[in-house]
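Single-structure report; data block below.
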Amino acid sequence: QVQLVESGGGLVQPGGSLRLSCAASASIFSIDNMGWYRQTPGKQRELVASITSAGGTNYADSVKGRFAISRDNAKSTVMYLQMNSLKPEDTAVYYCNFRARLRSSWPADDYWGQGTQVTVSS
């Protein structure tokens, strides 16, 4: 089995920046899609940004122009979310997700990180 380990969350003032990282704990045969989601109490988890194996990206309207998703060029199982111009409404627990095949003969499955808290407050 593989675990996704997130880091980089914390407390930041409005207008500030944070960079989240997500790394797989074991080797992965292939990754179809990577994504960052966020969730606040009482609400459903929502997609923030995603990136395909071909490098195509997709963003929620609320973060376009402020957030950037990327993959590590050297380590294919590492993903980042650069968050700039943060707003109080960005406060949430952020989760990383890989849609991946651990072995060539296995079907694709979803793997999730444990979540990292991002709080934007003065």
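Computed from heavy atoms alone, side chains included, the values below leave out hydrogens, waters and symmetry copies. All residue numbers refer to positions in the sequence shown, counting from 1. Please read these numbers as outputs of a predicted model, since none were measured by experiment.
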Atom [atom1] of [X] and atom [atom2] of [Y]: how far apart are they, to the nearest 0.5 Å?
X   : Y    : atom1 : atom2 : value
T40 : E89  : OG1   : CD    : 11.5 Å
S30 : R103 : OG    : CZ    : 11.5 Å
E46 : S62  : CD    : OG    : 5.5 Å

Only pairs at least two apart or in different chains count here, so list each ring pair (Phe, Tyr, Trp, His ring centres under 6.0 Å) that has a residue in residues 73-115.
Y37-W112
Looking only at heavy atoms, what is the nearest atom pair of [X] and [Y], with distance?
X   : Y    : value
S85 : S17  : N-OG, 4.4 Å
I69 : G35  : CD1-CA, 4.3 Å
N33 : S50  : ND2-CB, 3.9 Å
A68 : Y59  : CA-OH, 3.4 Å
T91 : Q117 : CG2-NE2, 3.9 Å
C96 : W36  : CB-CZ3, 3.8 Å

Tell me whether [X] shares a hydrophobic cluster with [Y], the cluster being built from Ile, Leu, Val, Met, Phe, Trp, Tyr side chains joined at under 4.5 Å.
X   : Y   : result
L11 : V93 : no
V78 : I28 : no
L81 : L47 : no

Mind checking whether [X] and [Y] have side chains closer than 4.5 Å, heavy atoms only?
X    : Y    : value
Q114 : L4   : no
T119 : V12  : no
R38  : V63  : yes
P88  : S121 : no
L86  : F67  : yes
T116 : L20  : yes
M83  : V118 : yes

R71 side chain to S53 main-chain N or O, any donor-acceptor pair under 3.5 Å?
yes
Taking side chain to side chain donor-acceptor pair (under 3.5 Å) as the definition, give me every residue that meets it alongside D109, ordered by chain and number, with sequence neighbours left out.
none
Would you mind listing every salt bridge (Lys or Arg N to Asp or Glu O under 4.0 Å) that reaches into residues 3-16, with sequence neighbours excluded?
none
For D32, is there an ion pair with R99 - N to carboxylate O distance below 4.0 angstrom?
no
In terms of side-chain geometry, is the basic nitrogen of D90 or K87 positioned less than 4.0 Å from the acidic oxygen of its partner?
no
Whether over 12 other heavy atoms sit under 6.0 Å from Q44 CD:
no
Can you establish whether the number of heavy atoms outside Q3 located under 6.0 Å from its atom CD is more than 12?
no
